[in-house]
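So the structure is just underneath, and the comments pick up after that.
Hydrogens, waters and symmetry mates are skipped; everything else that's a heavy atom, side chains included, is used. Read the numbers this way: they start at 1 and go in the same order the structure lists the ligands and their atoms. Predicted model only: the values in this text are computed from it and were never measured.
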Amino acid sequence: MTATKAHPITQHGPLDADGFRRAGHALVDWIADYREHLAQRHVAHLPAPGAIRAMLPAQAPEHGEAIHDILADLDRVVMPGIVHWQHPGWFAYFPANSSYESILGELASAGLGVQGMLWSTSPACTEVETHVLDWLVHALGLPDRFLSTSAGGGVLQDTASSAVLVALVAARERATGFASDAHGLAGAARTVTCYTSDQAHSSIEKAARLAGIGKEFLRLIPADATGAMRVDLLESEITRDRALGHLPAFVSATVGTTGVYGIDPVEEIARVCRAHGVWLHVDAAMSGTAALCEEFRFVNAGAAHADSWCFNPHKWMPVNFDCDVLWVADRAGLVRALSVLPEYLRNSATESGRVIDYRDWQIPLGRRFRALKLWFVLRSFGLGGLRALVRGHVEMAQDLAERVRAHPALELVVEPQLNLVCIAHRDGDDATQRLIDRVNHDGRFFVSHCRFHGRLVLRVSIGALATTRAHVAAFTELLLSEAAAP
Ligand code: PLP
């Protein structure tokens with residue numbers, strides 16, 4: 001903690017405003033130093049399990065400590081156990097970008113410390129959010145039905161996992177005529193069933209379990225060779241369930257699956273959903289940001305027919321975790337499914353019907369001012385800046401794919417969609433695993449894996465804010481030479 005070394009803040013116990021100012025400046029310097037020199041670190045060097053805890057005292061301190069000592073422990077205790085997600089060589093999972101602007105938005109949110117459960121508990125917390133999510137409808141080219149000026153609207157959730165749970169509960173209530181809200185699932189005359197592809201994220205299954213549908217009644221529809229849901233199989237499964245007397249209520253389509261970026265044919269899925277009166281949710285967690293660019297608007301296909309749609313600015317858009325946008329086409333249905341109004345929350349603004357109370361759009365009651373960081377990022381980068389970021393990552397991924405295509409030992413498992421490149425060694429899974437291990441052992445880069453139709457896949461997800469062409473070029477050389485090595 002360099003800035004505090006010269007002038008240690010020795011005051012013990014709770015900080016006063018001046019101590020906060022000095023400690024805050026020191027911490028901001030520390031973050032800037034960390035980010036500036038990140039490329040020199042090993043991306044993901046793990047300590048032995050328990051090594052971090054072993055550095056912590058057995059009990060919490062009885063007497064307050066000096067903030068100088070607390071901040072110094074970021075280097076001593078925390079850093080040895082940090083995996084560097086903001087590293088330019090971060091190609092694992094999907095990115096979880098964090099920009100300076102979003103850090104400042106987060107700080108401002110904590111500084112204000114408001115709890116925006118109702119419009120009346122901090123009108124700015126609600127109105128900035130509503131407005132910025134309307135901006136995004138336009139910026140991403142999504143349908144007007146998601147605008148707050150229509151019957152729908154957007155809300156920030158913590159994660160895509162919460163978004164799908166909220167959507168599923170609203171869908172369940174629509175299908176059962178709000179009987180299950182009133183009487184539990186026993187109140188639904190028929191068994192509620194849901195559908196997603198076998199490539200969908202695990203959060204869909206978790207939502208089905210939490211919403212009382214049960215894993216058994218979440219039908220996993222097989223995907224094709226590209227990772228996209230087979231619509232013919234979806235349709236036959238829904239028809240079969242109806243014949244059995246079940247109540248098909250919810251389909252979650254994915255645009256950009258977690259494994260290989262499969263893109264479900266949302267338009268065709270929407271046709272099936274309409275024919276059977278089923279709620280259509282779209283999980284565009286990773287790919288949603290791409291729609292900032294006209295040429296990638298294929299990710300929005302079918303959006304006009306979706307009942308709900310979510311994407312994660314905390315992935316590709318550089319808004320730090322957590323930040324998910326959920327839009328619904330019918331906010332009244334969502335609010336009816338989730339609203340409970342005790343006396344202590346009654347107020348005249350709510351009763352006027354002229355305000356949004358976001359507590360009714362989510363699972364928890366309380367909520368922080370999460371929109372600030374999104375607002376800061378959109379304004380500081382501008383839509384043009386964000387588009388340049390997306391286009392840059394896609395170009396880098398396509399360049400890498402071109403080199404892989406030309407390499408005799410490697411193949412692309414699927415044609416790369418946008419910024420994910422899925423690679424296998426032609427000699428089989430053991431060779432692919434060896435390649436993953438060697439690339440990660442180098443320390444400058446970090447990739448992860450998935451299994452697709454039984455085959456081990458090395459995934460290269462190019463989307464970190466700090467990644468440049470030079471990093472991808474260096475990675476490409478390492479990958480290709482290791483692939484050729486015995
Ligand atoms: N959906 C998809 C397609 C994902 O890839 C992920 C995470 O990577 C999720 C949902 C879950 O995201 P979250 O952590 O926001 O719940």
(request) For residues 297-320, pull every pair meeting salt bridge (Lys or Arg N to Asp or Glu O under 4.0 Å), keeping only residues two or more places apart or in separate chains. (result) Arg174-Asp307, Glu294-Arg297

(request) Kindly write out the residues that satisfy side chain to side chain donor-acceptor pair (under 3.5 Å) with Asp241, not counting sequence neighbours, or none if the list is empty. (result) Tyr195, Arg219

(message) Please enumerate all residues that pass ring pair (Phe, Tyr, Trp, His ring centres under 6.0 Å) together with His87, with sequence neighbours excluded.
(response) none

(message) Using 30° and 60° as the class boundaries, would you call the ring planes of His281 and Phe250 parallel, tilted or perpendicular?
(response) parallel

(message) Parallel, tilted or perpendicular, judged at 30° and 60°: which one describes the rings of Tyr93 and Phe446?
(response) perpendicular

(message) How close do Val457 and Phe452 get, counting heavy atoms only, and between which atoms?
(response) CG2-CB, 3.9 Å

Pairs under 3.5 Å, nitrogen or oxygen of ligand 1 with protein nitrogen or oxygen:
unit_1, atom_1, unit_2, atom_2, d
ligand 1, 1 (N), Asp283, OD1, 3.3
ligand 1, 1 (N), Asp283, OD2, 2.6
ligand 1, 5 (O), Thr258, OG1, 2.8
ligand 1, 8 (O), Lys315, NZ, 3.2
ligand 1, 12 (O), Lys315, NZ, 3.4
ligand 1, 15 (O), Ala160, N, 2.8
ligand 1, 15 (O), Asn312, ND2, 3.0
ligand 1, 15 (O), His314, NE2, 3.2
ligand 1, 16 (O), Ala160, N, 3.4
ligand 1, 16 (O), Ser161, N, 2.9
ligand 1, 16 (O), Ser161, OG, 2.5

